[in-house]
Amino acid sequence: MESRPYEIPVEIGDMLSERLARAEPGQVFLIPRSIEDGVAIYQDSHMLAAKELRASGVDAAFLAESEDRTFVSEFSHDIVYAIAIGIASNVSWDTAKAIWAYARARSEGLARKGETPVVRLQIAKFRHGNKEIEGLTLEAPATDEMPEALLRALVGNEGDD
């Protein structure tokens with residue numbers, strides 16, 4: 001597993017701070033890769049992400065309103081699935097686990113035959129108790145258990161396995 005800083009564009013950071021100030025605890029916002037002329041640009045593989053995450057029990061929403069977002073296709077030779085999120089305070093272990101499981105599941109079948117898909121989870125903002133993170137990237141093979149273990153350490157040992 002690799003972890004490194006996630007450079008949050010100022011415009012996205014400002015929008016996220018505003019949304020998190022009004023958010024319910026544990027709410028998750030899907031972050032666009034960029035904002036161009038006031039329009040949030042999301043990866044096309046995220047079209048149903050908020051709906052699918054909500055179906056698994058995560059209070060998820062796009063950072064940008066529907067009229068202010070679009071989706072584009074872009075492929076990378078090394079990263080199979082990438083998702084960026086901002087999390088309101090005190091996310092539960094079940095929510096953190098569901099987000100990583102969702103990213104892993106979405107990567108299945110996307111890698112070249114015989115290769116393990118690589119997943120990138122970018123956390124723009126996260127606060128849980130006295131822990132606060134801003135701008136963290138976790139990147140690992142989808143089969144790696146370390147990102148899930150790190151998320152568990154961040155949110156504590158609450159919830160069922």
Side-chain angles (χ1 to χ4, degrees), residues 1-3 6 8 12 15-17 19-33 40-76 79-111 115-129 131-161:
M1 180 185 84
E2 179 182 348
S3 66
Y6 164 36
I8 306 159
I12 292 173
M15 183 185 289
L16 180 60
S17 293
R19 292 288 302 269
L20 289 176
R22 301 180 274 128
E24 295 294 322
Q27 190 169 11
V28 174
F29 293 100
L30 301 169
I31 309 296
R33 67 178 198 185
I41 311 296
Y42 285 88
Q43 189 173 321
D44 67 343
S45 59
H46 297 153
M47 277 186 199
L48 300 175
K51 181 179 180 178
E52 291 170 345
L53 283 166
R54 284 192 299 270
S56 67
V58 176
D59 184 5
F62 288 99
L63 182 62
E65 299 299 332
S66 60
E67 63 272 9
D68 297 324
R69 66 178 180 252
T70 192
F71 298 88
V72 297
S73 294
E74 182 178 277
F75 300 96
S76 172
I79 302 300
V80 173
Y81 190 75
I83 190 167
I85 58 173
I87 305 173
S89 62
N90 296 324
V91 67
S92 71
W93 164 239
D94 290 335
T95 296
K97 184 169 73 171
I99 292 167
W100 181 248
Y102 173 77
R104 287 173 59 171
R106 291 290 295 157
S107 71
E108 290 178 8
L110 297 177
E115 293 183 5
T116 301
V118 176
V119 178
R120 178 185 295 151
L121 174 64
Q122 295 175 303
I123 302 171
K125 293 188 185 223
F126 169 88
R127 186 174 53 232
H128 189 83
K131 300 171 195 158
E132 192 166 325
I133 293 175
E134 187 166 330
L136 172 68
T137 298
L138 301 176
E139 190 172 299
T143 56
D144 193 336
E145 299 300 322
M146 284 302 296
E148 189 172 306
L150 177 59
L151 290 171
R152 183 178 200 101
L154 289 173
V155 301
N157 292 325
E158 62 206 39
D160 298 329
D161 287 311

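At least one donor-acceptor pair under 3.5 Å links the side chain of R104 to the backbone N or O of A142. Under the 3.5 Å distance criterion, the side-chain polar atoms of R69 are left unmatched by any main-chain donor or acceptor of F62.
L138 and S3 make their closest contact through CD2-CB, 3.9 Å (heavy atoms, listed as atom of the first residue, atom of the second, distance). Contact detail for D44 and F71: the closest heavy-atom pair is CA-CB, 3.9 Å. Of all non-hydrogen atoms in A61 and R54, the two that sit nearest each other are CA-NH1, 4.3 Å. Here the closest heavy-atom approach between residue A103 and residue V119 is recorded as CB-CG1, 3.6 Å.
A heavy-atom distance below 4.5 Å is found between the side chains of L151 and I123. In this structure, H46 and L30 have side chains that are not in contact, with every pair of non-hydrogen atoms separated by 4.5 Å or more. Between I8 and L16 the shortest side-chain heavy-atom distance does not fall below 4.5 Å. Annotation: side chain of Y102 is in contact with side chain of I83 (closest heavy-atom distance under 4.5 Å). In this structure, E148 and K97 have side chains that are in contact, with non-hydrogen atoms separated by less than 4.5 Å.
Remark: F126 CZ to K131 NZ distance equals 7.0 Å, nearest 0.5 Å. Atom CZ of R127 and atom CD of E134 lie 10.5 Å apart (nearest 0.5 Å). In this structure, I133 CD1 and Y6 OH are separated by 14.0 Å, a value rounded to the nearest 0.5 Å. If you take CD1 on I31 and CD on Q122, they are separated by 9.5 Å, rounding to the nearest 0.5 Å. Atoms CD and CZ, on Q27 and R22 in that order, are 9.5 Å from each other to the nearest 0.5 Å. Here the straight-line distance linking atom CG of L121 with atom CG of L136 works out to 8.0 Å at 0.5 Å rounding.
With a 6.0 Å radius and a threshold of 12 heavy atoms from other residues, nucleotides or ligands, M146 has its CE atom at or below the threshold.
A donor-acceptor pair shorter than 3.5 Å cannot be found between the side chains of E139 and T137.
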